[in-house]
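So the structure is just underneath, and the comments pick up after that.
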Amino acid sequence: MDISDYLENAWLDTLRGNPFSVSAVYMSLHSDDPGEDGANEISGDGYARVQVIFNAPSEGSMAMASPVEFPNMPNVTVTHVGLWDSATGGNFLLRGALSSPVDIPAGFTLRITALTISLD
């Protein structure tokens, strides 16, 4: 996954003694590369960001603790996922491309079973 400028700056600022934390993380779906600001986020039908919980980090990486589901999706092709610090609005944290695009028919529930963040 690629780290946004916002998150890079927030982490670097901790070296100046300015604390940083995120109380919850929400996954978003995107129809194209979201870039640095979370562009191309899916919208419509029942789509909404979903809170994701991660296991404790180990050796520079951490994995989702459990699958997440996006019910009642619009008819769309998903190419990327993103992570935010809010269910709506908020700050864009990370982005990553799916191994291959996923075509989703309207009304379908998309289930993501694994996501690992690595800082290697």
Side-chain angles (χ1 to χ4, degrees):
M1 294 196 82
D2 295 317
I3 299 172
S4 71
D5 287 342
Y6 167 80
L7 187 55
E8 288 172 349
N9 291 334
W11 280 346
L12 287 172
D13 211 26
T14 65
L15 299 176
R16 298 179 340 123
N18 296 314
F20 173 76
S21 67
V22 174
S23 60
V25 176
Y26 297 85
M27 184 181 292
S28 58
L29 302 175
H30 301 262
S31 60
D32 201 354
D33 187 344
E36 289 289 332
D37 61 358
N40 304 307
E41 185 171 4
I42 303 301
S43 64
D45 292 342
Y47 172 78
R49 295 177 193 163
V50 176
Q51 186 174 6
V52 59
I53 307 296
F54 288 94
N55 294 318
S58 175
E59 298 182 19
S61 68
M62 65 181 183
M64 278 190 339
S66 59
V68 296
E69 290 188 350
F70 293 86
N72 195 29
M73 290 288 294
N75 184 26
V76 68
T77 299
V78 177
T79 62
H80 291 73
V81 297
L83 297 178
W84 299 77
D85 63 3
S86 179
T88 60
N91 297 296
F92 189 60
L93 306 172
L94 299 159
R95 71 183 182 275
L98 300 179
S99 55
S100 60
V102 177
D103 293 322
I104 313 233
F108 184 79
T109 295
L110 176 64
R111 185 170 201 228
I112 297 180
T113 59
L115 175 71
T116 299
I117 298 172
S118 180
L119 299 180
D120 294 349

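Everything quoted here is computed from the prediction, not taken from an experiment.
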Stepwise, does the side chain to side chain contact (heavy atoms under 4.5 Å, CB included) test hold for Ile117 with Met62?
CA-CA 5 Å; Ile117 298 172; Met62 65 181 183; 4.2 Å; yes
inquiry  = Do Val52 and Met1 land in one hydrophobic cluster if side-chain heavy atoms of ILVMFWY residues count as linked below 4.5 Å?
reply    = yes
Students should find that the hydrophobic cluster of Ile53, defined by side-chain heavy atoms under 4.5 Å apart, otherwise consists of none
message: I'd like to check Trp11 versus Leu119 (side-chain heavy atoms, cut-off strictly below 4.5 Å). Are they in contact?
response: yes
query: Under a 4.5 Å side-chain heavy-atom rule over Ile, Leu, Val, Met, Phe, Trp and Tyr, are Ile42 and Val68 clustered together?
result: yes
Salt bridge (charged side-chain N to carboxylate O under 4.0 Å, His left out) pairs touching residues 97-117, sequence neighbours excluded, are Glu69-Arg111
In short, Ser43 meets Pro74 closest at the heavy-atom pair O-CG, 3.4 Å
What one should report as the nearest heavy-atom pair of Gln51 and Ala24 is NE2-CB, 3.5 Å
Sorted by chain and number, sequence neighbours left out, side chain to side chain donor-acceptor pair (under 3.5 Å) with Tyr47 holds for Glu41
Interatomic distance, CD1@Ile3 vs CG@Leu93, rounded to 0.5 Å, equals 10.0 Å
Shortest non-hydrogen pair, Thr116 vs Ser61, comes out as CG2-CB, 4.2 Å
Rounding to 0.5 Å, atoms CD1 (Ile104) and CE (Met73) come to a distance of 4.5 Å
Quiz item: Below 4.5 Å, heavy atoms only, C-beta onward: do Pro34 and Asn40 meet side chain to side chain?
Solution: no
Taken in chain and number order and not counting sequence neighbours, the residues that satisfy salt bridge (charged side-chain N to carboxylate O under 4.0 Å, His left out) with Asp13 are Arg16
List the atom pairs, donor and acceptor, that lie under 3.5 Å between side-chain atoms in residues 83-92 and the rest of the protein, sequence neighbours left out.
from: Trp84; atom 1: NE1; to: Ser28; atom 2: OG; distance (Å): 2.8
from: Asp85; atom 1: OD1; to: Asn91; atom 2: N; distance (Å): 2.6
from: Asp85; atom 1: OD2; to: Asn91; atom 2: ND2; distance (Å): 2.8
from: Ser86; atom 1: OG; to: Thr88; atom 2: N; distance (Å): 3.4
from: Ser86; atom 1: OG; to: Thr88; atom 2: O; distance (Å): 2.6
from: Asn91; atom 1: ND2; to: Tyr6; atom 2: OH; distance (Å): 3.3

Contacts of Glu36 meeting salt bridge (charged side-chain N to carboxylate O under 4.0 Å, His left out) (sequence neighbours excluded), chain-then-number -> Arg95
Looking only at heavy atoms, the pair that brings Thr79 and Ser31 closest together is OG1-C, 3.3 Å
Please answer: with hydrophobic residues joined when any side-chain heavy atoms are less than 4.5 Å apart, are Val22 and Met64 in the same cluster?
-> yes
Rounded to the nearest 0.5 Å, the NE2 atom of His80 sits from the CG atom of Asp32 at a distance of 6.5 Å
Notebook entry, point to check: Does some side-chain heavy atom of Met27 sit less than 4.5 Å from a side-chain heavy atom of Ile112?
Noted result: yes
Review point. Do you reckon Phe20 sits in the same ILVMFWY cluster as Tyr26, going by side-chain contacts under 4.5 Å, direct or chained?
Key: no
Exercise for the section: Please tell me if the side chains of Val81 and Leu29 come closer than 4.5 Å, counting only heavy atoms from C-beta onward. Expected result: yes
Nearest heavy-atom approach of Thr109 to Pro71 is OG1-CA, 3.5 Å
Is there a path of hydrophobic side-chain contacts, each under 4.5 Å between heavy atoms of I, L, V, M, F, W or Y residues, that connects Val25 with Phe70? yes
So CG of Leu7 and CG of Leu12: to nearest 0.5 Å the spacing works out to 9.5 Å
